[in-house]
Amino acid sequence: MTPQTSRKSLYVTSIPYLAAFVCVKGVAESGLHLQGFIWSLFVIVGLFLMATKPGHVKITFPWKLWTPWFAYVAASFFWSSLQIRGNFQPCVQILAPLVVGLVASYAVTDHTQWNRFSRGFPHGLVFISFAFVYYWYGPPRQHQGISELSELGTGGTFFNARPTVMTLEIIGCVFLSNIREAKSRSLLGWAMCLLIALLSGSRMAVMVPLIIALISPLYRSLRTRLAGLLVICLLGVALFYTPIMQKRFFYSGQGRLSDIGQDDFADEGRFEFWDATVEEARRHIVVGAGVGDADLFIAKFFDISQVHNDYLRILFEFGVTGLLLFSCTAGLQILSLRTLMPAN
């Protein structure tokens with residue numbers, strides 16, 4: 001194994017472990033949490049590996065498709081508010097998948113390397129599970145700054161709930177992608193991701209694993225897809241009526257599905273600050289305010305730090321130009337992936 005091969009292998013296999021580490025908030029310096037420094041360094045190392053890549057090595061990542069979008073994101077930093085944490089950190093976080101994808105596409109070339117890489121996802125799930133139990137049921141619980149488990153999704157001193165459940169969604173996808181080779185293990189891993197998302201109290205994080213299972217390309221016939229739809233719907237209803245979700249959906253702590261259709265649920269002010277965000281987005285509707293400025297705007301006028309709507313965030317930060325660019329790029333990527341399904 002050459003030094004270049006060793007470096008790129010270590011780089012790729014460390015991804016699941018670093019992603020799992022996001023559940024620990026860690027220390028902060030100059031507006032950046034520890035994870036911000038780690039991922040910024042990870043991007044720099046990835047760029048170095050790309051710069052030292054042998055010329056004959058083929059990159060299979062669809063970089064030509066995604067480069068215009070990522071280039072637009074990077075350019076928008078220069079017309080943003082130019083803050084380190086508010087603008088630079090989100091810019092690096094958005095660009096990180098491009099760098100990681102480029103390196104991984106030529107670092108993982110056979111089943112042995114893929115198996116070595118994919119083993120990190122179950123390990124990451126185990127780490128997150130232990131961290132969740134420790135920070136909520138262990139000694140740090142009294143210092144979390146919250147009193148009920150249903151509030152964990154809204155904050156906490158040590159446990160980074162929101163980034164954690166987003167990481168769990170990716171891990172759940174990996175488990176489902178392997179369901180034909182290891183059905184029981186894959187379903188168990190997906191269920192664990194769903195359980196922790198439920199315990200975190202994050203409503204969308206519970207819905208996403210259900211949707212992923214529903215739209216999975218693993219269904220090969222209409223009959224199995226309808227059966228999957230029935231099972232997922234029943235499971236979704238059951239989760240909706242759990243005490244944790246009831247407290248997150250309703251101020252009174254209980255309600256019915258019909259109340260959601262009548263807008264009688266705890267929106268936590270989302271509709272109010274979404275309306276304000278749309279109104280502000282009209283001021284720079286063509287090119288946007290710049291990467292990271294959506295959260296800065298929300299935090300300035302509301303007692304909340306995130307816009308909680310990625311499509312609205314794209315419109316605010318990158319304007320109609322960015323929204324169309326992202327939508328077209330993502331759409332073309334989905335169509336490209338569908339052509340690979342019959343072959344794999």
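Here the structure is a predicted model, which means the values were calculated and not measured.
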Angle between ring planes, Y17 versus H123, binned at 30° and 60°: parallel, tilted or perpendicular?
tilted
Could you check whether the rings of F121 and F117 sit parallel, tilted or perpendicular, using 30° and 60° as the cut-offs?
perpendicular
Decide if the gap between the ring center of [X] and the ring center of [Y] is smaller than 6.0 angstrom.
X	Y	value
W69	Y72	no
F302	F297	no
F249	F240	yes

Give the minimum heavy-atom separation between [X] and [Y], together with the two atoms involved.
X	Y	answer
V99	V43	CG1-O, 3.8 Å
S80	V291	CB-O, 3.8 Å
C173	I212	SG-CD1, 3.3 Å

Could you tell me the separation between the [atom1] atom of [X] and the [atom2] atom of [Y], rounded to the nearest 0.5 Å?
X	Y	atom1	atom2	answer
L315	F326	CG	CZ	13.0 Å
L102	L49	CG	CG	11.0 Å
L18	L41	CG	CG	9.5 Å
I244	L198	CD1	CG	5.0 Å
L296	E317	CG	CD	8.5 Å
W79	H284	CH2	NE2	12.0 Å

With side chain to side chain contact (heavy atoms under 4.5 Å, CB included) as the criterion, how do Y241 and R256 come out once you've worked through the C-alpha distance, each side chain's angles and the decisive distance to 0.1 Å?
CA-CA 8 Å; Y241 284 103; R256 299 173 299 179; 4.0 Å; yes
Non-hydrogen side-chain atoms of F318 and V287 separated by less than 4.5 Å
no
Is there a side-chain contact between S14 and F42 (heavy atoms, below 4.5 Å)?
yes
Side chain to side chain contact (heavy atoms under 4.5 Å, CB included) evaluation trace for V307 with F316:
CA-CA 10 Å; V307 69; F316 188 101; over 6 Å; no
Of L176, L125, I196, the residue whose pairing with I171 passes side chain to side chain contact (heavy atoms under 4.5 Å, CB included):
L125
Let's go through C233 and V237 carefully: what are the C-alpha distance in whole Å and the side-chain angles of both, what is the deciding distance for side chain to side chain contact (heavy atoms under 4.5 Å, CB included) to 0.1 Å, and is it a yes or a no?
CA-CA 6 Å; C233 287; V237 171; 5.6 Å; no
For side chain to side chain contact (heavy atoms under 4.5 Å, CB included), just list the numbers for L229 and R225, CA-CA rounded to whole Å, side-chain angles, deciding distance to a tenth of an Å, and then say yes or no.
CA-CA 6 Å; L229 173 62; R225 187 169 292 278; 5.8 Å; no
Around Q83, counting heavy atoms of other residues, nucleotides and ligands shown, do more than 12 lie under 6.0 Å from its CD?
yes
Near E272 CD, under 6.0 Å, is it more than 12 heavy atoms from other residues, nucleotides or ligands?
no
Apart from F130 itself, its cluster of hydrophobic side chains linked below 4.5 Å comprises V126
